[in-house]
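Take a look at the structure set out below.
Throughout, a chain's letter reflects where its sequence line sits, starting with A, and its residues are numbered from 1.
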Amino acid sequence: MTVSTRTKPTPDKSSAPHPTLRIYNTLSKRKEPFVTVRPGKVGIYLCGPTVYDKAHIGHMVGPVIFDCVKRYLEYCGYDVTWVVNITDVDDKLIKKANERGISMLDVAEENIADYNSNLAALGVDQIDHFPRATECMADIIDLIRSLIDCGFAYQSDGDVYFDVSKDADYGKLSNRSIDSMQGDGGSGGERKRHVADFALWKAAKPGEPSWDSPWGAGRPGWHIECSAMSKKLLGETFDIHGGGLDLVFPHHENEIAQSECCHAKPMVLYWAHNGLLRAGTTAAKIGARTERPADSPPRSGEGLGEGSAEAVSGKMSRSKGAGGLADLIKRQGGQRVRFFLLRTHYRSTVLFNEPEIEEAGKGLETFNRLLKRYARITGNDFYALKPPTTREDGEAASAAGSDPVLQSAAVCRQKFLAAMDDDFNTGGAIGELFELAKITNKFCDDADLEGAGKTDAAAIAHFTSLLTTLKELSNILGLFTQPLPATTASDDLLAKLMPLVIDLRATARRIKNFAAADKIRAALAPIGITLEDRAGNTEWTRSGGVSDATNAIMKLLIQLRADARAAKDFATADTIRNRLTDLGITLEDRAGGTEWTRT
RNA sequence: GGCGCCGUAGCCAAGUGGCUAAGGCAUCGGAUUGCAAAUCCGACAUCCCCGGUUCGAAUCCGGGCGGCGCCUCCA
């Protein structure tokens, strides 16, 4: 019955196992020591999006984790090639194109642009190849022809189907048997020999985009493109194949069937599947004030109406109303979203809701403050530090010091790497990053680096060493790789107004008018601005608060000027107006109040 | 029905046989501060329930209860 001649993976052709790294393999359902097909080289293939609509946050889980996987493997000394495919031929794309009266390609281009900008915002910049199905037709057709020649596929009325009964191993990834396959076989079921057979090539229907083939005009089935593209770019057997857990069956099962029947050798050494996102059970989200007791069960389907941007509970998928990734990034910033995704192990289900991202953001601020502290103390830029880029160099650098503080940093580094070695446990690794931040802050405090210790060259050198280790490790996670995005035009004005506010408060403090000083600080709080008094100056940060902080600050300044005038403190009132004038802002006192304009 | 995952503090989340069960958020003390913020110090869980294996289990096995995914397109 079966003609499969496949052999088991051949370890003798693989590299020696990495001494410490283990990866969970969906195929074996256990963690395995990491070996590669070719010594020192790693090929990674990740199933990318079908670009029929804008991306949602669920599409970012795979890219973010594999971005870290590549960074880590390169850090460990491997030469990594990472491929993410784009499916740009598909029923849904055709449907969307027809609805909008544009071509399938235009739909694809639009959504690829959206996908790419989302990747960029999350700092995913390690992808080497973005093959598209429409650009690989020749490879796809070759593979189908080869499968027909070998007897694993058959033509049927312009379609071509894969014959699962010829594949003895069919079902090994998703652990199911052909006999258990049920259903009517979906569209084209009557043309299949077995309900589990799946299309390799679909005959064109009138008006559909199509390509010429030995079986007539048509287009490829969903699964074949991945077999063809991975073969083209990574070879017949490659190292890691990733994708969402929801792709295990049928997509990856069918990829294995196609590739292994065609090549008579294993397709992939490690199947690595990321967990899926689930919408959180708390309702809090923009525009929806509904509160629900924490122990009250979510009701399926709630909040999925037209106006709802996100599902209240349940799986994150387009059909449930997930979406608006670009808006989410606009609100929260890409770094927060990346950090949020990395807090949890990639194989876990992630409960997604915006308050959780904000909570993650609070943790992130600990690091951003430490980076600013470094700049404040040393005058140097954290982002310009040049840490070791390989595990080997890092090992040598961290072994150098005998100082107890540097020793404890070395322990953090080791635990961090141990976590990454254990199936890329980014959550555990981030814990060590926090530990390292605490050690570093404590060192600053103990050595009084913001005071008398500022001139202690040895202490500053240790401080720099600690930050360098932080950079070495955070680079692996793709965090703090570059300064946060530049401010927008309105933020730009805000940044010019704040020194004036801070100066006014400083003056009040100098003359011990703490009531006035505290009034200013209290007024900033609802705007989302926090002040931090340092030796010599005051720093401010903004998070959350009102949307138009600039306008709120202007209102505050106008009020402060009015207060000063009422108290006959014309010097302060004039200072405010003059400095605003210098910033290009004109105040106009009218009967109903003071108005401001930008010139 | 078939296949599979999960249940650790108020919340998020590491740990999957053995030192005091990481870390974050929140909360409460303390140091510091004019007061704050930031930072540091300290407090805060015996791991869903029952039984079993073991010198020893959150971690392995069995049985419950609860939540979730796939089996149709999905990252």
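Across the P atoms, B:U32 and B:C41 are found 16 Å apart, a figure rounded to whole Å. One C1' atom belongs to B:U54, the other to B:G62, and the distance between them is 16 Å to the nearest Å. Taking atom C1' on both B:C6 and B:U16, the two are 14 Å apart, rounded to the nearest angstrom. Rounded to whole Å, the separation between the C1' atoms of B:G7 and B:C12 comes to 14 Å.
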Between protein and nucleotides 57-62 of chain B, what N or O pairs are separated by less than 3.5 Å?
none

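Nucleic acid contact for A:G48: sugar-phosphate only, since backbone atoms but no base atoms lie under 4.0 Å from a heavy atom of the residue. No contact: A:L245 has no heavy atom under 4.0 Å from any strand. Residue A:R509 is classed as a base contact, given a heavy-atom separation below 4.0 Å to a base. Heavy atoms of A:R505 sit under 4.0 angstrom from at least one base atom.
For A:N274, no side-chain nitrogen or oxygen approaches OP1 or OP2 of B:A75 to under 4.0 Å.
The distance from atom CG of A:L276 to atom P of B:G4 is 17 Å, rounded to the nearest whole Å.
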Nucleotides 14-27 of chain B: protein proximity per nucleotide (B base, S sugar-phosphate only, - neither; heavy atom, under 4.0 Å):
SS------BSBSS-
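For the segment residues 517-524 of chain A, the set of residues with a heavy atom within less than 4.0 Å of an atom of RNA chain B comprises A:D518, A:R521, in numerical order.
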